[in-house]
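To start, the structure under review is shown below, and the notes come after it.
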Amino acid sequence: MPKNHSKIILDLEFNPVRVPEIREKMRSEIIEIGAVKLDDSLKEISAFDEYIKPSYNTVEDKISHLTGITNEQLEPCGDFDTVMHRFMDWIGGEPYSLYSWSLTDMNVMLDEIDYKFPEDECYDMFFVHWTDLQKIYQRQMGFYKSMGLTNALGSLNIYFDGTEHGALADARNTAEIMRYLSDSEKMDKFRNRTHVTYNTSSDSSGFSLGNITIKRK
């Protein structure tokens, strides 16, 4: 029997690094990791949400205003190394794919991994398995320009559930877009009621959503 292949939808909140010699290699530090783990039917089976205390800079006012995360909240929290390894344990040993809304989060995470513990195995663990769901959405919807998460949800008539710029809420709403894109009936109805010219796969049997293939009925 084949192992399950989890889909992990990830979102990060991060804070700028202002120390010049460090900023040359790492422009931001992650202050929250939020993620949901989906099974093969795209049902949520587990969630992860932890704050991280930054090493080089206190949380700036504009970041606190955007995310609601304060320095007082982060004071008792674990550092990047501690939380990242808890996150890796949560991912587990079964096959998985990572998804995020754009590759910004991937670049921030890999830069921080590379700077703080470059010899650790987790760089490859994240780099190899990452997929840009924003790019998939853009291609399947036929849009030439990238779109933010909230606007993308609005284009599908889905209301944002929760508080924006909370990592776990953003991850769960990103998962809603994945579910929509994987539903061929919903996608066909959407295309039929719009005037957008959509990109289609050369393979008429369906299109690829990372490791998910959506069959047309």
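- Side-chain heavy atoms closer than 4.5 Å link hydrophobic residues (I, L, V, M, F, W, Y) into clusters, and following such links, even through other members, never connects Met109 to Val59.
- Atom-to-atom distance recorded for Asn173:CG and Trp101:CH2 is 11.0 Å, nearest 0.5 angstrom.
- Contact check for Arg18 versus Arg23: side-chain heavy atoms found under the 4.5 Å cut-off.
- The shortest heavy-atom contact between Thr70 and Gln73 is N-OE1, 2.9 Å.
- Cluster membership check: Ile22 does not share its hydrophobic cluster with Phe117, using side-chain heavy-atom separations under 4.5 Å among Ile, Leu, Val, Met, Phe, Trp and Tyr.
- Phe14 places none of its side-chain heavy atoms less than 4.5 Å from the side chain of Thr67.
- Aromatic ring orientation, Tyr56 versus Tyr115: perpendicular (interplanar angle above 60°, classes split at 30° and 60°).
- Counted within 6.0 Å of CG on Asp61, heavy atoms from surrounding residues, nucleotides or ligands total 12 or fewer; the atom is thus considered open.
- Under the 4.5 Å side-chain heavy-atom criterion for grouping Ile, Leu, Val, Met, Phe, Trp and Tyr, Phe87 is not connected to Tyr51 through any hydrophobic cluster.
- Side-chain atoms of Asp105 come within 3.5 Å of backbone N or O of Leu12 as a donor-acceptor pair.
- Remark: side-chain polar atoms of Glu94 are not paired, donor with acceptor, to backbone N or O of Ser6 under 3.5 angstrom.
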Decide yes or no on side-chain contact (heavy atoms from CB on, under 4.5 Å) for Ile33 and Leu10, but give the supporting numbers first. CA-CA 7 Å; Ile33 299 176; Leu10 168 70; 3.7 Å; yes

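- No donor-acceptor distance shorter than 3.5 angstrom exists from the side chain of Lys43 to the backbone of Leu38, with no hydrogens or angles considered.
- Taking the side chain as every heavy atom from C-beta outward, Leu110 and Phe127 approach each other to under 4.5 Å.
- Salt bridge status for Glu29 with Lys53: absent, with no side-chain N to carboxylate O gap under 4.0 Å.
- For the pair Met84/Glu112, no side-chain contact is recorded, criterion being any heavy-atom separation below 4.5 Å from C-beta on.
- Expressed to the nearest 0.5 Å, how far NZ of Lys25 lies from CG of Asp111 amounts to 11.5 Å.
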Report the C-alpha separation of Ile91 and Phe48 in whole Å, then their side-chain angles, then the decisive distance to 0.1 Å, and conclude whether the side-chain contact (heavy atoms from CB on, under 4.5 Å) test is met. CA-CA 9 Å; Ile91 290 174; Phe48 183 96; over 6 Å; no

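- The line from CD of Glu60 to CD1 of Ile69 is 13.0 Å long, rounded to the nearest 0.5 Å.
- Note: Ile177 CD1 to Arg179 CZ = 11.0 Å, rounded to the nearest 0.5 Å.
- Closest approach of Gln138 and Ser146 over heavy atoms only: OE1-CA, 3.6 Å.
- Considering all non-hydrogen atoms of both residues, Ala35 and Ala171 come closest at CA-CB, 4.1 Å.
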Determine whether Thr104 and Asn107 satisfy the following criterion, side chain to side chain donor-acceptor pair (under 3.5 Å), listing intermediate values before the conclusion. CA-CA 5 Å; Thr104 300; Asn107 293 329; 5.8 Å; no

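- The side-chain heavy atoms of Glu50 and Trp90, taken from C-beta on, include no pair separated by under 4.5 Å.
- For the residue pair Ser155/Tyr137, the side-chain donor-acceptor check at 3.5 Å is satisfied.
- Taking CG of Asp39 as the start and CD of Glu44 as the end, the distance is 10.0 Å to the nearest 0.5 Å.
- A 4.5 Å side-chain heavy-atom check between Lys116 and Met26 finds at least one atom pair inside the cut-off.
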Could you pull out every donor-acceptor pair under 3.5 Å between side chains of residues 159-170 and any protein atom, sequence neighbours left out?
residue : atom : partner : partner atom : Å
Glu164  : OE1  : Thr150  : OG1          : 2.9
Asp170  : OD1  : His165  : N            : 3.2
Asp170  : OD2  : His165  : N            : 3.4

Val36 vs Ile9, side-chain contact (heavy atoms from CB on, under 4.5 Å): CA-CA, chis, key distance, verdict: CA-CA 5 Å; Val36 291; Ile9 316 297; 3.7 Å; yes

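- There is no path of hydrophobic side-chain contacts, each under 4.5 Å, that joins Leu74 to Ile30.
- The CD1 atom of Ile31 sits 6.5 Å away from atom CD1 of Ile63, with the distance rounded to the nearest 0.5 Å.
- You'll find the side chain of Val108 reaches within 4.5 Å of the side chain of Ser28, heavy atoms only.
- Taking the side chain as every heavy atom from C-beta outward, Met178 and Leu181 never approach each other to under 4.5 Å.
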Should Tyr96 and His129 be marked as a side-chain contact (heavy atoms from CB on, under 4.5 Å) after you check the CA-CA gap, both sets of side-chain angles, and the distance that decides it? CA-CA 7 Å; Tyr96 66 94; His129 298 278; 3.3 Å; yes

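- Checked for salt-bridge contact, Lys189 and Glu185 meet the test: a charged N lies under 4.0 Å from a carboxylate O.
- The main-chain N or O of Thr58 is never found under 3.5 Å from a side-chain atom of Asn71 such that the two would form a donor-acceptor pair.
- In the hydrophobic clustering of ILVMFWY residues, with side-chain heavy atoms under 4.5 Å counting as a link, Val83 and Met106 come out together.
- Thr131 places no side-chain N or O within 3.5 Å of a backbone atom of Leu133 that could act as its donor or acceptor partner.
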